[in-house]
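Remarks on the structure that follows.
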Amino acid sequence: MQNLLHKLNPEQLAAVTLPPQSALILAGAGSGKTRVLTTRIAWLIQTGQVGPSGIMAVTFTNKAAKEMLTRLSAMLPVNTRGMWIGTFHGLCNRLLRSHYRDAALPQAFQILDTQDQLSMIKRLLKANNVDDEKYPAKDLLYFINNAKDQGLRAQDVEAHEPITRKFVELYELYDQQCQREGVVDFAELLLRTYELLSRNQPLRHHYQTRFRHILVDEFQDTNDLQYKLLKLLAGYGEGQGGALFAVGDDDQSIYAFRGANVGNMSAFERDFKVTNLIKLEQNYRSHGHILDSANYLISYNRNRLGKNLRTDAGQGEQVRVYESSSDLEEAQWIIEEAKSLMADGTPRNEIAILYRSNAQSRVIEHALFAAGMPYTVYGGLRYFQRAEVKHAIAYLQLMDNPHNDSAFLRVVNFPTRGIGARSIELLQNAAEQYGISLYAAVPYMTGKAGSALGAFVKLVEGARFETQNLPLPEMVRVVLERSTLLTHYATEKEGADRIENLEQLVDAAAQFVQEEGFGQQAPAHLGPQAAAVAGEQIVTEDGVAILDADAPLATVMSPLSAFLSHASLEAGDAQAQAGQEALQLMTVHSAKGLEFDAVFITGMEEGLFPHESSSREADGVDEERRLMYVAITRARRRLYMSFTQQRMLHGQTRFNMKSRFFDELPEESLKWLSPRVQGNWFANRKSTTAWDDAEFRNGGVDNKIAKQITQKSGHSSGWRIGESVAHAKFGEGVIVNIEGGAGAARAQINFGAAGMKVLDLSVAKLERL
DNA sequence: TCTTCCTAGGTTTTT
DNA sequence: CCTAGGAAGA
């Protein structure tokens with residue numbers, strides 16, 4: 001233990017060894033945040049201040065939770081099982097499974113992912129004859145999640161306009177429908193837990209007393225409901241409960257769009273009268289010029305808690321800035337630079353190419369592919385979100401809870417078995433009439449539709465009966481076969497990958513069973529005995545003794561139920577990996593938390609980064625600036641920034657100005673690789689750079705653009721499209737279009753913040769930049 | 001019921 | 001430009 005503390009710097013040590021009071025740790029990028037969190041836990045246990053069961057540590061992603069567990073078990077000889085380390089959703093799921101009765105849920109409740117939730121909302125709109133032009137399903141989804149993220153039920157939402165009133169009404173219906181089906185969405189997991197604990201004093205008291213130390217990672221990303229839940233657990237206003245140890249970085253708050261509220265940091269400071277505020281400002285990742293850039297840039301944000309990163313690593317190299325003529329050339333340049341980095345010994349997977357939005361990756365991918373350079377794109381569909389896997393899961397969901405209508409509709413006619421839209425409509429009417437699930441309504445159906453539906457129900461029942469005593473992986477195997485999913489995809493042209501994914505589901509089940517400790521025993525026997533060993537008893541208000549949620553999930557629910565919630569809560573990896581060394585392509589958002597030797601920040605143009613839609617929201621540009629801060633601080637030794645004069649976006653060529661963020665970076669830390677090219681830059685570039693690449697010249701699309709550029713490059717007025725200019729009143733701009741002949745030419749110029757102007761070139765005094 | 005055509009819409013993402 | 005989802009035809 002002493003060894004562990006020995007490795008810490010004074011700030012980290014202070015944070016790790018704080019007294020058991022609420023504390024806020026402002027942890028800058030690369031300052032050893034995870035180390036502090038894990039060492040704090042280890043220190044608390046090692047010094048006997050708390051047992052493993054008194055610890056709760058909350059993260060946002062499964063990856064972060066896993067990382068914490070791994071590091072902890074390396075530090076501590078203690079079994080980490082007693083500790084509650086997980087995501088908000090995972091921990092709430094655990095609580096709700098154990099206290100399902102008090103939470104008014106079926107024990108085998110199922111979790112809707114966003115896709116399921118949307119399809120359920122669409123169904124709801126249809127069933128209630130709501131005009132989905134006026135009330136789009138997506139808007140309602142957003143409305144409901146937003147309300148829940150703030151801890152509000154339908155009745156709590158203030159509605160002033162008719163549209164909001166309608167949404168509130170539908171929100172209420174949606175919740176009722178979820179309850180009938182025995183399903184909960186992601187936000188509901190948290191809201192239900194919050195309500196359960198607020199309402200149930202003995203339960204609340206039990207957990208308040210139990211968790212002496214609650215540690216929260218990425219606190220700046222918490223939404224209102226999450227903060228409320230934490231307050232409740234920490235006994236805010238009740239004078240009991242454990243110490244809240246919050247770690248976060250307000251400068252890295254980039255998730256406001258999904259409900260995160262940075263304000264929670266200062267609210268926490270105020271609410272809990274935090275006297276222990278520690279800043280971790282020593283950075284162990286990046287060289288000086290990179291940190292200087294980050295510090296300088298972020299200082300343009302208002303309302304910061306305030307912090308400045310420093311390093312012992314020396315100044316290192318300047319940030320290299322490159323202006324290219326087009327997005328195609330930008331991609332070529334990246335390839336050339338990446339090649340030379342690799343020639344100098346930088347491993348391929350230590351080079352990251354970042355962009356603001358996913359649409360930007362295509363051009364880069366295209367160029368990388370043509371150049372034969374291996375790359376990996378992050379993001380995209382996760383394993384459990386793939387259509388074929390979701391189908392298989394839907395069969396399993398129906399066996400576990402037949403009233404899940406989403407699951408029913410997904411597979412009732414997949415693979416096709418002659419149940420068409422008309423049959424479904426009749427069935428939905430019947431279900432509506434009796435207020436029951438689709439599955440339960442099947443017996444009311446007659447005729448051809450009735451027999452086809454009846455056969456489907458028999459299929460599900462048969463699978464359930466046949467597998468009830470089988471271990472989970474076997475169960476999955478049987479379902480894959482009985483559902484005829486495998487044979488169905490075998491007949492499809494592109495079915496091979498899908499079949500492979502389906503077979504992986506058996507492995508996933510096997511791995512799950514092993515990791516979660518679900519033995520071969522049938523869960524039914526486990527109840528009472530397991531109760532005797534696991535967890536404490538809580539006596540509720542009505543005098544009933546119940547077990548706290550410490551028991552392994554295996555004692556509370558069937559392996560199947562557990563596996564299904566695992567599939568919803570942990571969507572699995574997004575493809576990629578490929579194992580081998582590859583360049584890393586991803587959005588700036590997904591780069592958060594990662595680090596690389598060399599980083600390219602591409603597309604640094606007004607409208608892209610900062611994104612144009614950010615200017616519409618209050619503090620939108622501040623959030624973009626934080627995003628840029630995150631991007632910069634990913635780099636260890638070398639950082640590139642690039643922007644381009646013209647870029648193809650949504651099928652249109654756009655001419656953007658360079659990002660305003662260049663004006664917010666310290667000049668002495670930047671190294672401009674490309675002087676601005678005057679006059680006919682296309683002709684200039686052609687011979688000097690990788691432009692005369694045969695691939696580029698012969699490529700269809702590329703060639704078209706090249707022609708276009710050549711045509712446009714020299715207007716008789718002496719100006720050219722794409723050229724950067726300055727105007728006394730409007731400032732810097734980019735020429736987007738030129739009309740008219742030499743004497744009477746007018747130019748359309750994008751002045752960014754000052755807007756789009758059309759100026760007469762013979763009158764306006766423009767300066768070349 | 002399956003195919004093909006057409007149109008709308010296109011920051012950022014985890015659970 | 002590209003993709004997904006809905007609507008009309010085979």
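Just so you know, these numbers use all the heavy atoms, side chains as well, and skip hydrogens, waters and symmetry mates. On a predicted model such as this, the values are computed, not experimentally measured, just so you know. Just so it is clear: chains get the letters A, B, ... in the order the sequence lines come, proteins before strands, and each one is counted from 1.
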Can you name the side-chain hydrogen bond (donor to acceptor under 3.5 Å, both in side chains) partners of A:Asn146, sequence neighbours left out?
A:Gln150

Contacts of A:Arg97 that satisfy side-chain hydrogen bond (donor to acceptor under 3.5 Å, both in side chains) - sequence neighbours left out
A:Asn93

Once base and sugar-phosphate atoms are separated, protein heavy atoms under 4.0 Å mark nucleotides 9-15 of chain B, 5' to 3', with B, S and - as -BBBBBB

Each nucleotide of nucleotides 4-10 of chain C classed B (base within 4.0 Å of a protein heavy atom), S (only sugar-phosphate) or -, in 5' to 3' order, makes --S----

Qualifying residues under side-chain hydrogen bond (donor to acceptor under 3.5 Å, both in side chains), relative to A:Lys231, sequence neighbours excluded
A:Asp271

Mind checking if A:Ile419 touches a base, just sugar-phosphate, or nothing, with heavy atoms under 4.0 Å?
sugar-phosphate

If you look at every strand shown and take non-hydrogen atoms under 4.0 Å, does A:Asp185 touch a base, only sugar-phosphate, or nothing?
nothing

Please enumerate all residues that pass side chain to side chain contact (heavy atoms under 4.5 Å, CB included) together with A:Ser423, with sequence neighbours excluded.
A:Ile419, A:Ala449

Same-atom distance (C1') from B:dT14 to C:dT3, integer angstrom
23 Å

Which residues satisfy the side chain to side chain contact (heavy atoms under 4.5 Å, CB included) test with A:His589, sequence neighbours excluded?
A:Ile254, A:Tyr255, A:Phe257, A:Arg356, A:Thr587, A:Leu627

Run the salt bridge (charged side-chain N to carboxylate O under 4.0 Å, His left out) test against A:Asp175 and tell me which residues pass, sequence neighbours left out.
A:Lys148, A:Arg153

Output the rounded distance in Å from NZ (A:Lys138) to P (B:dA8).
15 Å

B:dT11 versus C:dG6 - spacing of their C1' atoms, nearest Å:
25 Å

Quick one: does A:Asn62's side chain have a donor or acceptor within less than 3.5 Å of a partner on A:Leu569's backbone?
yes

Is B:dT12 syn or is it anti, if syn means the base angle is within 90 degrees of 0?
anti

Residues two or more places apart in sequence or in another chain: which of them pass side-chain hydrogen bond (donor to acceptor under 3.5 Å, both in side chains) with A:Asp251?
A:Arg304, A:Lys307

